[in-house]
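One structure below.
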Amino acid sequence: MVRRMNVILKNRKKLTAIAGCLLLCILLFASPVRAAEVDDDKLADGEYSVSLEISGGSGKASVTSPTLMTVEDGVPYATITWSSSNYDYMIVDGVTYYNLSDEGLNSKFEIPILNWDSAEEVIADTLAMGDPVEVHYSIYFYWDTIGSKGELPQQGAIRILIVAAIIIVGGGILNAVVKRRSKY
């Protein structure tokens with residue numbers, strides 16, 4: 001046991017370097033994501049997150065918030081993911097948008113954001129009641145909640161998995177160094 005402790009103390013520079021690298025990786029990947037830089041009324045093309053609320057219908061269905069917002073040629077589009085797989089299309093400003101998700105997954109649509117901080121009236125067709133029924137909803141997109149795509153829950157989970165992988169690999173390397181040194 002004493003011999004092992006001496007080996008560990010001899011290798012403290014390596015161990016300190018490895019621990020420092022692990023800590024740096026944790027700080028880089030687990031740090032909060034900065035909000036996207038947004039001008040007063042313009043968004044650069046790219047991907048963002050945005051919070052939204054929905055009202056109307058029976059109140060049983062909901063949508064994921066925050067959600068992904070993609071800006072193309074200055075026009076923002078929100079990815080609306082329902083809590084149900086029973087929606088087959090949405091109508092926004094007279095245009096029909098069809099479900100983009102695979103069979104059996106929650107319905108997902110990419111629709112334009114026409115209004116900020118006020119009601120955007122949409123119709124969503126659901127098959128949950130047997131026959132198709134068009135249900136009227138109001139969606140509210142909140143300008144002051146626009147942020148980095150990294151603020152989405154899915155992106156946070158990815159960062160956590162990356163940090164966990166780095167810790168596991170770093171721990172394995174540290175373990176191998178200690179075992180190799182303890183044999184001498």
Side-chain angles (χ1 to χ4, degrees), residues 20-102 105-124 126 135-170:
C21 288
L22 287 173
L23 182 60
L24 180 62
C25 289
I26 290 170
L27 291 174
L28 287 175
F29 286 105
S31 63
V33 178
R34 288 186 220 116
E37 292 184 25
V38 179
D39 289 336
D40 289 341
D41 61 349
K42 272 188 153 182
L43 291 169
D45 286 0
E47 294 181 325
Y48 303 88
S49 67
V50 66
S51 293
L52 64 134
E53 289 181 7
I54 192 162
S55 63
S58 67
K60 292 181 181 178
S62 62
V63 294
T64 302
S65 180
T67 193
L68 177 65
M69 178 179 69
T70 305
V71 179
E72 295 174 8
D73 298 324
V75 179
Y77 296 89
T79 300
I80 304 297
T81 305
W82 290 89
S83 60
S84 166
S85 61
N86 293 315
Y87 291 93
D88 58 346
Y89 65 84
M90 289 181 70
I91 301 172
V92 180
D93 200 32
V95 179
T96 303
Y97 298 87
Y98 293 95
N99 185 5
L100 301 173
S101 68
D102 292 329
L105 297 177
N106 287 355
S107 300
K108 180 170 51 175
F109 302 88
E110 189 171 289
I111 64 169
I113 299 175
L114 304 176
N115 300 309
W116 291 102
D117 300 317
S118 62
E120 182 169 326
E121 302 302 322
V122 301
I123 297 171
T126 180
V135 182
H136 293 261
Y137 293 97
S138 295
I139 300 179
Y140 300 83
F141 295 99
Y142 297 104
W143 177 264
D144 62 348
T145 66
I146 297 172
S148 165
K149 177 184 173 185
E151 293 177 15
L152 296 171
Q154 304 89 331
Q155 297 300 314
I158 290 170
R159 286 196 318 269
I160 289 170
L161 290 174
I162 290 171
V163 170
I166 290 170
I167 290 171
I168 291 168
V169 169

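Since the structure is predicted, the reported quantities are computational estimates derived from the model, not experimental observations. Just so you know, these numbers use all the heavy atoms, side chains as well, and skip hydrogens, waters and symmetry mates. Quick note: residue numbers are just sequence positions, from 1.
Residues V50 and S65 come closest through the heavy atom pair O-OG, 4.5 Å. In terms of heavy atoms, S51 sits closest to P66 at OG-CB, 4.0 Å. Across N99 and Y87, no two heavy atoms sit closer than the pair ND2-O, 3.4 Å. What you find for S83 and A61 is that their closest heavy atoms are OG-CA, 3.6 Å.
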Below 3.5 Å, can you tabulate the donor-acceptor pairs from side chains in residues 90-98 to any protein atom, sequence neighbours excluded?
none

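Residue pairs satisfying the side-chain hydrogen bond (donor to acceptor under 3.5 Å, both in side chains) criterion with at least one member in residues 111-120, sequence neighbours excluded, are absent. Screening residues 61-88 for salt bridge (charged side-chain N to carboxylate O under 4.0 Å, His left out) gives no qualifying pairs among residues at least two apart or on separate chains.
With K108 as the fixed residue, the side chain to side chain contact (heavy atoms under 4.5 Å, CB included) test singles out one of T67, I80, T79: T79. Between L52 and the choices T145, T64, V63, the side chain to side chain contact (heavy atoms under 4.5 Å, CB included) rule is met once, by V63.
Note: Y77 OH to I113 CD1 = 10.5 Å, rounded to the nearest 0.5 Å. Rounding to the nearest 0.5 angstrom, the gap separating the CH2 atom in W82 from the OG1 atom in T126 is 8.5 Å.
Checked against side chain to side chain donor-acceptor pair (under 3.5 Å), S84 has the following partners two or more places apart in sequence or in another chain: N86. The ring-ring contact (aromatic ring centres under 6.0 Å, His included) check on F141 picks up nothing, with sequence neighbours excluded. Legend: residues meeting side chain to side chain contact (heavy atoms under 4.5 Å, CB included) with S138, ordered by chain and number and at least two apart, are S55, A119, E121, Y140. Applying the side chain to side chain donor-acceptor pair (under 3.5 Å) test to Y142 and every residue at least two apart in sequence or in another chain returns E53. Qualifying salt bridge (charged side-chain N to carboxylate O under 4.0 Å, His left out) partners for E47, counting only residues two or more places apart in sequence or in other chains: K149. In this structure N106 satisfies the side chain to side chain contact (heavy atoms under 4.5 Å, CB included) test together with T81, sequence neighbours excluded.
Between the Y48 side chain and the A44 main chain, a donor and an acceptor come within less than 3.5 Å of each other.
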